[in-house]
Q: 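A single structure is presented below for examination.
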Amino acid sequence: PLDCPITVFGGQEDYWTSATDLAAWEGHTVDELNVKMFPGDHFFINDSRQLVARQVAEVLSGMSIKIGANA
(Lines give C-alpha, C1' and ligand atoms only; values in the text may rest on other atoms or scores of the structure.)
Protein backbone atom coordinates (compact mmCIF):
# COMPACT_ATOMS: atom_id res chain seq x y z
CA PRO A 1 0.00 0.00 0.00
CA LEU A 2 0.99 3.61 -0.63
CA ASP A 3 2.01 5.86 2.24
CA CYS A 4 -0.06 8.80 1.01
CA PRO A 5 -3.72 9.74 0.87
CA ILE A 6 -5.79 8.71 -2.13
CA THR A 7 -8.72 10.66 -3.51
CA VAL A 8 -11.07 8.94 -5.94
CA PHE A 9 -13.87 10.54 -7.94
CA GLY A 10 -17.13 9.03 -9.10
CA GLY A 11 -20.52 9.84 -10.55
CA GLN A 12 -23.57 9.70 -8.32
CA GLU A 13 -25.64 8.06 -11.07
CA ASP A 14 -22.90 5.71 -12.31
CA TYR A 15 -24.36 2.33 -13.30
CA TRP A 16 -20.96 0.57 -13.31
CA THR A 17 -19.01 2.01 -10.38
CA SER A 18 -20.62 2.84 -7.04
CA ALA A 19 -19.22 4.73 -4.06
CA THR A 20 -18.81 1.32 -2.41
CA ASP A 21 -16.71 0.14 -5.37
CA LEU A 22 -14.56 3.26 -5.12
CA ALA A 23 -14.07 2.65 -1.39
CA ALA A 24 -12.10 -0.48 -2.31
CA TRP A 25 -9.17 1.86 -3.05
CA GLU A 26 -8.74 1.98 0.73
CA GLY A 27 -6.74 -1.23 0.45
CA HIS A 28 -4.09 0.61 -1.57
CA THR A 29 -3.06 3.16 1.07
CA VAL A 30 -2.07 3.19 4.72
CA ASP A 31 -3.14 6.85 4.79
CA GLU A 32 -6.65 8.19 4.32
CA LEU A 33 -9.01 7.57 1.42
CA ASN A 34 -11.33 10.31 0.21
CA VAL A 35 -14.25 9.41 -2.06
CA LYS A 36 -15.74 12.40 -3.89
CA MET A 37 -19.01 11.92 -5.73
CA PHE A 38 -20.27 14.29 -8.43
CA PRO A 39 -23.54 14.71 -10.31
CA GLY A 40 -23.59 12.50 -13.39
CA ASP A 41 -23.04 8.95 -14.55
CA HIS A 42 -19.87 7.03 -15.45
CA PHE A 43 -18.80 10.02 -17.55
CA PHE A 44 -19.55 12.50 -14.76
CA ILE A 45 -16.59 14.65 -15.79
CA ASN A 46 -18.58 15.73 -18.85
CA ASP A 47 -21.44 16.97 -16.66
CA SER A 48 -19.39 18.30 -13.75
CA ARG A 49 -16.20 19.53 -15.40
CA GLN A 50 -15.84 22.71 -13.31
CA LEU A 51 -16.67 20.96 -10.03
CA VAL A 52 -14.14 18.22 -10.77
CA ALA A 53 -11.45 20.73 -11.78
CA ARG A 54 -11.97 22.67 -8.55
CA GLN A 55 -11.79 19.48 -6.50
CA VAL A 56 -8.60 18.34 -8.26
CA ALA A 57 -7.03 21.76 -7.58
CA GLU A 58 -8.06 21.54 -3.92
CA VAL A 59 -6.63 18.04 -3.52
CA LEU A 60 -3.36 19.00 -5.20
CA SER A 61 -3.10 22.17 -3.15
CA GLY A 62 -3.45 20.13 0.03
CA MET A 63 -0.80 17.69 -1.15
CA SER A 64 1.75 20.42 -1.72
CA ILE A 65 1.20 21.65 1.81
CA LYS A 66 1.76 18.14 3.22
CA ILE A 67 4.83 17.62 1.05
CA GLY A 68 6.23 21.00 2.09
CA ALA A 69 5.62 20.21 5.74
CA ASN A 70 7.57 16.95 5.45
CA ALA A 71 10.53 18.47 3.60
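Since this is a predicted model, take the numbers as computed values, not measurements. Hydrogens, waters and symmetry mates play no part in the numbers below; they use all other heavy atoms, side chains included.
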Q: Kindly indicate whether the side chain of Pro1, heavy atoms from C-beta on, has any atom under 4.5 Å from the side chain of Val30.
A: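 In short, these two side chains touch, coming nearer than 4.5 Å.
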Q: Find the distance between CG (Asp14) and CZ (Phe43) and round it off to the nearest 0.5 Å.
A: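 Interatomic distance, Asp14 CG to Phe43 CZ, rounded to 0.5 Å: 8.5 Å.
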Q: Within the distance-only criterion (no hydrogens, no angle test), does the side chain of Asp21 pair as donor or acceptor with the backbone N or O of Ser18 below 3.5 angstrom?
A: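 Between the backbone of Ser18 and the side chain of Asp21 there is a qualifying donor-acceptor contact (under 3.5 Å).
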Q: Please list, chain by chain and in numerical order, all residues satisfying side chain to side chain contact (heavy atoms under 4.5 Å, CB included) with Phe38, sequence neighbours excluded.
A: Phe9, Lys36, Phe44, Ser48, Leu51, Val52, Gln55
Q: May I ask you to decide if Ile6's main-chain N or O and Thr29's side chain share a donor-acceptor pair within less than 3.5 Å?
A: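 No; judged by distance alone, with no hydrogens or angles, the pair does not exist.
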Q: Side-chain contact, heavy-atom cut-off 4.5 Å: Met37 with Leu22?
A: yes
Q: Would you say that Thr17 contacts His42 through its side chain, given a criterion of any heavy-atom pair below 4.5 Å between the two side chains?
A: yes
Q: What is the distance from atom CD of Glu26 to atom CG of Asp31, rounded to the nearest 0.5 Å?
A: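 Going from the CD atom of Glu26 to the CG atom of Asp31 covers 11.0 Å.
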Q: Distance check, rounded to the nearest 0.5 Å: Asn46 atom CG versus Asp41 atom CG?
A: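 Rounded to the nearest 0.5 Å, the CG-CG separation comes out at 8.0 Å.
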Q: Please check: side-chain N/O of Glu32 versus main-chain N/O of Pro5, any donor-acceptor pairing under 3.5 Å?
A: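 No; zero donor-acceptor contacts below 3.5 Å.
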